[in-house]
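Notes follow the structure.
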Amino acid sequence: MPKKVKHRKWQKGRSRKRLVETRGTHLSFGSYGIQALEPSWLNSRQIEAGRRAITRSIQREGRVWIRVFPDKPVTRRPPETTMGGGKGTVEFYVFPVKPGRIIFELDGVAEDKARQALRLAGHKMPFKTRIVSKT
């Protein structure tokens, strides 16, 4: 969740099929990473679940970088209320993921251990992923 945003409520935006990411598509910090293959919204709970899966799998050795930050607010209307009366309250924050974006990076562990950790994190994501490496 961001500390402060310029506008508390954002518009949803339109999903554009087949639009690929142009930024954050290459490994910048670690030797291994997990890359998104589909567009989706990634919320803060899913990011935290992936981070936990990685850190548990590598037994807190090595280093993990999270390359996404959820700053887009998603609003919801209360259940069983009529339309009208304005936009709903902010419920949670998401990061809109496009295909090609690197989500997590990892370094300082053996390749087999890194691939296992990133595979476990990939299961927590709401989209298909692939493991990428610098070599």
Legend entry - Qualifying salt bridge (charged side-chain N to carboxylate O under 4.0 Å, His left out) pairs, either residue in residues 19-35, two or more places apart: Glu21-Arg101
Legend entry - Counterpart residues, side chain to side chain contact (heavy atoms under 4.5 Å, CB included), relative to Ala117 (two or more places apart): Ile54, Ser57, Ile58, Leu106
Inset, instruction - Return the set of residues passing ring-ring contact (aromatic ring centres under 6.0 Å, His included) with Phe29 (not counting sequence neighbours), or none when no residue passes. - result: Trp65
Inset, instruction - Compare every heavy atom of Pro96 with every heavy atom of Lys72, then report the nearest pair and how far apart it is. - result: CD-CG, 3.9 Å
Inset, instruction - Would you please name every residue forming a side chain to side chain contact (heavy atoms under 4.5 Å, CB included) with Thr81, sequence neighbours left out? - result: Arg77, Pro78
Legend entry - Hydrophobic cluster partners of Leu27 (side-chain heavy atoms under 4.5 Å): Ile102, Val132
Inset, instruction - Would you name the heavy atoms of Gly50 and Ala121 that are closest together and state the gap between them? - result: O-CB, 3.7 Å
Inset, instruction - For residues Leu120 and Leu118, determine if any side-chain heavy atom of one lies less than 4.5 Å from a side-chain heavy atom of the other. - result: no
Legend entry - Where at least one partner belongs to residues 76-120, residue pairs that pass ring pair (Phe, Tyr, Trp, His ring centres under 6.0 Å), sequence neighbours excluded: none
Inset, instruction - May I have all residue pairs that pass side chain to side chain donor-acceptor pair (under 3.5 Å) and include part of residues 118-133, sequence neighbours excluded? - result: Gln35-Arg130, Gln116-Arg119, Arg119-His123
Legend entry - Sequence-distant partners of Ser44, side chain to side chain donor-acceptor pair (under 3.5 Å), two or more places apart: none
Inset, instruction - Go through the structure and list residues passing side chain to side chain donor-acceptor pair (under 3.5 Å) with Glu38, not counting sequence neighbours. - result: none
Legend entry - Pairwise distance CD1(Ile47) to CD1(Ile103) - rounded to 0.5 angstrom: 7.5 Å
Inset, instruction - Please list all pairs passing the salt bridge (charged side-chain N to carboxylate O under 4.0 Å, His left out) test where one or both residues lie in residues 105-115, with sequence neighbours left out. - result: Glu61-Lys113, Arg67-Glu105, Glu111-Arg115
Legend entry - Lys/Arg N to Asp/Glu carboxylate O, Arg51 vs Glu48, below 4.0 Å: yes
Legend entry - Residue pairs fulfilling ring pair (Phe, Tyr, Trp, His ring centres under 6.0 Å) with at least one residue in residues 36-63, sequence neighbours excluded: none
Table please: side-chain donor-acceptor pairs of residues 1-12 below 3.5 Å, with sequence neighbours left out.
unit_1 : atom_1 : unit_2 : atom_2 : d
Lys9   : NZ     : Lys87  : O      : 3.2
Lys9   : NZ     : Gly88  : O      : 3.2
Trp10  : NE1    : His7   : O      : 3.1

